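Comments concern the structure below.
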Protein chains: 2
Amino acid sequence: MLGQSDDAGACCPGLLTAPLDEDQAVELAKVFKALGDPVRLRLLSMIASRSGGEVCVCDLTPAFDLSQPTISHHLKLLRQAGLIDCERRGTWVYYWLVPETTDRLAGILTRPAGEPLPEGTAPAGAAS
Amino acid sequence: MLGQSDDAGACCPGLLTAPLDEDQAVELAKVFKALGDPVRLRLLSMIASRSGGEVCVCDLTPAFDLSQPTISHHLKLLRQAGLIDCERRGTWVYYWLVPETTDRLAGILTRPAGEPLPEGTAPAGAAS
DNA sequence: ATCTTGCATCGACAGCTATCAATACAGCCG
DNA sequence: CGGCTGTATTGATAGCTGTCGATGCAAGAT
């Protein structure tokens, strides 16, 4: 959902250096929207911090005061955003991080070092 | 809203290396939620890519097929998320990026390079 | 085959959100 | 002063989203 299709040239200049076109913005927004929920952020961090690589849903669900279908729903959204992936193994389902996606986001949010900021933060240059 | 107070120790280990606690997740989610809309992403990129530092609202509004109040609303959300800031100068209002916030997000999404992805199990991220 | 457990899907509902038209406010100009 | 322009706020509304209980499906256990 983010860079698995033909993103020729979309390597990562994005967001902070050039205006996004609408299609790119729509795609990116899906991923950020998936991150825009505390439950999903915690799920993602629980999954990602298992550098063992994977977590069983049965380890995730009890960490929240939410019903099992709700957790399942959030996991689905994270998966549709390309942030995680999963596999059934016997009775259990295991989830793991897709680091390419988070790497991509990090790149998109990283401002090219050489960018000369006006002066701190508030460019109150034009003093009338 | 994100790191302008005392985030002692919260430098950036976040998200991918250790499970987020709920308060952190709630705070972070606000920022990601602000990014979870195509219009706001385009606004942010238009503002950020002006490394001159600032953009007049009057330059932003006509770039969208949306009413002026809607654009104003989106700008307000971006500002509340700490992603941009603004200043009135005469008749016009100018917005600029708050790079600290995007830097923080980039750091949060950046996985410590040395993290050895296991491969015995499933994470067939790119290989296979 | 049947029961049991783990997870996903379905349908419903409350709360939030993006959008607009109308209006208010701030500053310039005459 | 009164009018004009650029932004923000308000109020209303359609659509989306997070949540749950109920149900369905997969796979191991009996």
Side-chain angles (χ1 to χ4, degrees), chain A residues 1 20 22 25-44 46-47 50 54-81 83-96 124 126-128, chain B residues 1 20 22 25-44 46-47 54-81 83-96 122:
Chain A
M1 181 150 273
L20 246 45
E22 185 156 353
V26 168
E27 283 305 302
L28 250 188
K30 289 179 190 170
V31 187
F32 281 124
K33 194 174 303 183
L35 293 173
D37 180 280
V39 174
R40 287 194 291 271
L41 278 180
R42 288 181 59 201
L43 283 169
L44 187 68
M46 292 175 74
I47 295 170
R50 281 294 177 91
E54 53 191 31
V55 188
C56 176
V57 175
C58 62
D59 288 333
L60 297 172
T61 306
F64 298 84
D65 273 343
L66 293 171
S67 69
Q68 174 267 319
T70 298
I71 300 298
S72 190
H73 169 67
H74 285 304
L75 288 171
K76 183 180 183 178
L77 292 186
L78 285 172
R79 193 160 60 81
Q80 290 178 335
L83 287 160
I84 58 177
D85 203 353
C86 68
E87 179 184 85
R88 174 168 219 118
R89 204 171 309 145
T91 308
W92 295 278
V93 176
Y94 293 86
Y95 280 82
W96 60 87
S128 97
Chain B
M1 178 151 268
L20 247 46
E22 183 155 354
V26 168
E27 283 306 301
L28 250 187
K30 289 179 189 170
V31 186
F32 281 125
K33 194 173 301 183
L35 293 173
D37 180 281
V39 174
R40 288 194 291 270
L41 278 180
R42 288 181 59 201
L43 282 169
L44 186 69
M46 291 175 73
I47 294 170
E54 53 190 31
V55 189
C56 176
V57 174
C58 61
D59 286 334
L60 296 172
T61 305
F64 297 84
D65 272 343
L66 293 172
S67 69
Q68 175 267 322
T70 298
I71 299 298
S72 189
H73 169 67
H74 285 303
L75 288 170
K76 182 180 185 179
L77 292 187
L78 285 172
R79 193 160 61 82
Q80 289 179 336
L83 286 160
I84 59 177
D85 202 354
C86 68
E87 180 184 84
R88 173 166 220 121
R89 204 171 308 145
T91 308
W92 295 276
V93 175
Y94 292 85
Y95 280 81
W96 59 85

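Small disclaimer: the values here were computed from a predicted structure and weren't measured. Chain letters run A, B, ... following the sequence lines, proteins first and then strands; every chain starts at 1.
In this structure, A:L60 reaches neither bases nor backbone, as no heavy-atom distance under 4.0 Å exists between it and the strands shown.
Minimum heavy-atom separation, B:M46 to B:V55: O-CG2, 3.8 Å. Between B:L77 and B:A34 the shortest heavy-atom distance is O-CB, 4.3 Å. Nearest approach of B:A25 to A:L41, heavy atoms of both residues: O-CD1, 3.5 Å. When all heavy atoms of B:R40 and B:K33 are compared, the closest pair comes out as NH2-O, 3.3 Å.
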| How does protein contact run along nucleotides 2-15 of chain D, one letter per nucleotide 5' to 3', with B for base contact, S for sugar-phosphate only, - for none, heavy atoms under 4.0 Å? | ----BBBB------

| CA sep, side-chain torsions, deciding dist, call: B:L35, B:L83, side chain to side chain contact (heavy atoms under 4.5 Å, CB included) | CA-CA 9 Å; B:L35 293 173; B:L83 286 160; 3.7 Å; yes

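At D:dT19, one or more side-chain N or O atoms of A:H74 fall inside 4.0 Å of OP1 or OP2 (strictly under the cut-off). Contact annotation: A:R89 side-chain N/O to C:dG6 OP1/OP2 distance is not under 4.0 Å.
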Which atom pairs, donor and acceptor, lie under 3.5 Å between side-chain atoms of residues 58-71 of chain A and protein residues at least two apart or in another chain?
residue, atom, partner, partner atom, Å
A:T61, OG1, A:V57, O, 3.2
A:S67, OG, A:T70, N, 3.4
A:S67, OG, A:T70, OG1, 3.0

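The CG atom of A:L77 sits 14 Å away from the P atom of D:dC16 (whole-angstrom rounding). D:dG18 atom C1' lies 9 Å from atom CG of A:L66, rounded to whole Å. B:F64 places its CZ atom 12 Å from the P atom of C:dC20, with the value rounded to the nearest Å. A straight line from NZ of B:K30 to C1' of C:dT17 spans 16 Å, rounded to a whole angstrom. Atom-to-atom, CD of B:E87 to C1' of C:dG27 comes out at 15 Å; the value is rounded to the nearest Å.
Interatomic distance, CD1 of B:I84 versus CH2 of B:W96, reported as 10.0 Å (0.5 Å rounding).
Two residues are said to be in side-chain contact when any heavy atoms from C-beta on lie closer than 4.5 Å; B:R42 and B:H74 fail this criterion. Proximity of A:E87 to A:V93: side-chain heavy atoms (C-beta onward) are nowhere separated by under 4.5 Å.
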Restricting both atoms to N or O, compile the protein contacts to nucleotides 14-16 of chain C shorter than 3.5 Å, with distance only.
none

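Nucleotides of DNA chain D nearest to A:V39 and A:G90 differ in position, and the one nearer the 5' end is that of A:V39.
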